[in-house]
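Lettering follows sequence order; numbering is per chain, from 1. Because the structure is predicted, anything quoted here is derived from the model rather than measured. Both backbone and side-chain heavy atoms feed into the values below; hydrogens, waters and symmetry mates do not.
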Number of protein chains: 2
Amino acid sequence: MRDDRFCASNCPFTRAIGTIGNKWKPIIINVIGTRTIRFGQLDSIVPHISRKVLAEQLKELEEDGLLERWAYKELPPRVEYKLSEKGLAFLPILENIKEWNCKYEVALTPKATDRVSYAK
Amino acid sequence: MRDDRFCASNCPFTRAIGTIGNKWKPIIINVIGTRTIRFGQLDSIVPHISRKVLAEQLKELEEDGLLERWAYKELPPRVEYKLSEKGLAFLPILENIKEWNCKYEVALTPKATDRVSYAK
DNA sequence: TATTCTGGTTACCACCAGGTAACTGCAAAT
DNA sequence: ATTTGCAGTTACCTGGTGGTAACCAGAATA
């Protein structure tokens, strides 16, 4: 899930990708946003994710300091998640990705054959 | 590599994550940057990547319009890669990720036990 | 008494990402 | 005549990711 070789890199960018560079974490962070949310809510809102994988990702996000987990000693149990300062600071980056995608997604890409050079 | 469920989502953000949300693509885009680079160079610069995976990732990046591939009909073959306009537009986002990581990486995170509420 | 509600964990299993090594094709150099 | 160089591709194999289903506790509800 997290790539140890990446996380142990001496390049800070590589380390960053080692922690948030997978498909689930950006989705989860984006779904949480600025609100406080419970495990069951996440499980039903995030599409196609299994409880097992969701629990793993949340644990890693907490370990990496992006997420705060508040467990209330009640029965049935109640656990609330919210982004930390670090996690909140990541939201604008996700906004940029959204804007970037909306701007460029539909742009047609020339086919490779149009770009082959017959030099020589 | 690319997640079809993500790419077929009706949420543009999810689709974006479906295309660039893995660990190799941000690394490759970052390594290329604004320069023109050959396959062999990428293979030796990007750490820990195999030629097979590199070729796959480059192909997907080209298909998604982030990368331009220029093949020169020479022998031995010469192939040059450079980011498209879309790919170049993604570079500032990677810069933001670098800054974000440098700012927050070393911040200590309180342990979960410090945050357990004993309410009730 | 049995069911429900919540937030997970665990065992088990299948698939696929990704690694390795060998191979290609042709020209130029040794 | 053999080696080298480039940009991959292919076959083969393994490990890890991720899915499913069952299970937990203990209170409240029916």
OP1 or OP2 of dG16(D) sitting under 4.0 Å from any side-chain N/O of Arg2(A)?
no

What integer distance in Å separates Lys52(B):NZ from dA21(C):P?
14 Å

Applying salt bridge (charged side-chain N to carboxylate O under 4.0 Å, His left out) to Glu99(B) and not counting sequence neighbours gives none

Side chains of Leu54(A) and Ile28(A): does their closest heavy-atom pair fall under 4.5 Å?
yes

Could you pull out all residues at least two apart from Phe6(A) that satisfy ring-ring contact (aromatic ring centres under 6.0 Å, His included)?
Trp24(B)

Between Arg5(B) and dG18(D), does any side-chain N or O lie under 4.0 Å from OP1 or OP2?
no

Taking salt bridge (Lys or Arg N to Asp or Glu O under 4.0 Å) as the cut-off, I'd like each qualifying pair that reaches into residues 46-56 of chain B, sequence neighbours left out, listed once.
Asp43(B)-Arg51(B)

Cys7(B): partners by side chain to side chain contact (heavy atoms under 4.5 Å, CB included), with sequence neighbours left out
Arg2(B), Thr19(B)

When you check the phosphate oxygens OP1 and OP2 of dT9(C), does a side-chain N or O of Lys59(A) lie under 4.0 Å from one of them?
yes

Where along residues 15-47 of chain A does a heavy atom fall under 4.0 Å from DNA chain D?
none

What pairs of residues pass the ring pair (Phe, Tyr, Trp, His ring centres under 6.0 Å) test when at least one of them lies in residues 75-98 of chain B, not counting sequence neighbours?
Trp100(A)-Phe90(B)

Using OP1 and OP2 only, check whether a side-chain N or O of Lys73(B) sits under 4.0 Å from dC26(C).
no

Return whichever of His48(B) or Pro76(A) has its heavy-atom-nearest nucleotide of DNA chain C closer to the 5' end.
Pro76(A)

